[in-house]
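So the structure is just underneath, and the comments pick up after that.
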Amino acid sequence: KLSTARTASVTCSLCTGANDPPNTAILIPTPLKTLQTVILLSKTVRFWRAVAVSVVRILAGYFLGIIAGLAGALLSCNFKLFRDLTAPVLRLIRAVPVASFIILALVWIKSGALPVFICFLMVLPMVWDNVQNSLLTVDKKLVEMDDVVLEVEDDAIREIAKRAMA
């Protein structure tokens, strides 16, 4: 039996890679080596520039997904044919793993635009479905209330949307 101290020593040496043969860090770097490298890189302007570019690409995909999801949901609420045609595509996007999209997209899309595309594909069906379901389940009595009580059209739309989302 190993003593507690010996077990802790073996565990620490495994975690830090102290007993690793040479060149194994090339395949799988240890957590400590990874942290040291991140700290070293974080001192450079090039690192922060790469981080900023990545964040901008991710946010671009996110906002494009929101805009397209809102537009698609509004169209599918107003046109049943459009909803019927796009439903299988949305189901397919949700069903296919992200890794598969990345591999397929690398064939057609430049690597710089890939984060935008992947974020767009992940956000689009969520926004589309949630907005579409919210709009389709608006209580008809609220719409009737709009005709009777609320006089200003903009306020009526906001009021109905607030109550539907609550």
Side-chain angles (χ1 to χ4, degrees), residues 11-12 14-18 20-139 142-143 154 157-166:
T11 304
C12 286
L14 288 174
C15 291
T16 60
D20 287 351
N23 297 328
T24 56
I26 293 172
L27 299 175
I28 303 173
T30 63
L32 180 61
K33 184 65 177 168
T34 303
L35 180 62
Q36 290 171 339
T37 304
V38 167
I39 291 170
L40 183 67
L41 288 173
S42 68
K43 297 175 183 175
T44 65
V45 173
R46 185 176 178 192
F47 172 80
W48 290 109
R49 191 174 299 136
V51 168
V53 168
S54 294
V55 168
V56 166
R57 288 176 179 163
I58 291 168
L59 289 175
Y62 181 78
F63 288 118
L64 287 172
I66 289 174
I67 292 166
L70 287 171
L74 290 172
L75 286 170
S76 64
C77 284
N78 290 320
F79 304 104
K80 186 174 179 346
L81 178 63
F82 183 76
R83 182 178 17 191
D84 293 341
L85 291 174
T86 56
V89 176
L90 289 173
R91 273 190 239 116
L92 178 71
I93 292 172
R94 278 192 307 270
V96 175
V98 178
S100 300
F101 276 124
I102 292 171
I103 293 168
L104 287 172
L106 277 171
V107 175
W108 298 305
I109 298 173
K110 293 180 183 176
S111 62
L114 192 61
V116 176
F117 179 70
I118 295 301
C119 286
F120 171 80
L121 278 184
M122 296 303 105
V123 171
L124 176 75
M126 289 188 288
V127 172
W128 189 314
D129 282 344
N130 287 315
V131 171
Q132 177 181 312
N133 291 337
S134 295
L135 292 174
L136 290 175
T137 58
V138 170
D139 189 357
L142 286 175
V143 177
D154 289 344
I157 292 171
R158 278 193 213 104
E159 192 64 28
I160 289 173
K162 275 190 221 173
R163 292 183 184 189
M165 304 278 183

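For the single chain, residues carry numbers from 1 onward in sequence order. Because the structure is predicted, anything quoted here is derived from the model rather than measured.
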Discussion item. Under the salt bridge (charged side-chain N to carboxylate O under 4.0 Å, His left out) definition, can you give me all pairs with a residue in residues 58-75, not counting sequence neighbours?
Written reply: none
Discussion item. Strictly by salt bridge (charged side-chain N to carboxylate O under 4.0 Å, His left out), give each pair with a member in residues 43-52 just once, sequence neighbours left out.
Written reply: none
Between side-chain atoms of residues 68-97 and protein atoms elsewhere (two or more places apart, or another chain), which donor-acceptor pairs fall under 3.5 Å?
| from | atom 1 | to | atom 2 | distance (Å) |
| --- | --- | --- | --- | --- |
| Ser76 | OG | Gly72 | O | 3.0 |
| Ser76 | OG | Ala73 | O | 3.0 |
| Ser76 | OG | Trp128 | NE1 | 3.4 |
| Ser76 | OG | Gln132 | OE1 | 2.7 |
| Asn78 | ND2 | Leu74 | O | 3.0 |
| Lys80 | NZ | Asp84 | OD1 | 3.3 |
| Lys80 | NZ | Asp84 | OD2 | 3.1 |
| Arg83 | NE | Ser76 | O | 3.4 |
| Thr86 | OG1 | Phe82 | O | 2.9 |
| Thr86 | OG1 | Arg83 | O | 3.4 |
| Arg94 | NH1 | Asp129 | OD2 | 2.3 |

Discussion item. Working to the nearest 0.5 angstrom, can you tell me the gap between Thr30 OG1 and Gln36 CD?
Written reply: 7.0 Å
Report, one line per pair, each donor and acceptor closer than 3.5 Å where one atom sits in a side chain of residues 50-64; sequence neighbours left out.
| from | atom 1 | to | atom 2 | distance (Å) |
| --- | --- | --- | --- | --- |
| Ser54 | OG | Ala50 | O | 3.0 |
| Arg57 | NE | Gly112 | O | 3.1 |

Worksheet, complete the sentence: With sequence neighbours left out, the residues meeting side-chain contact (heavy atoms from CB on, under 4.5 Å) with Ile109 are Ala105, Ala113, Phe117
Discussion item. The criterion is side-chain contact (heavy atoms from CB on, under 4.5 Å); which residues satisfy it with Leu41, sequence neighbours excluded?
Written reply: Thr37, Phe47
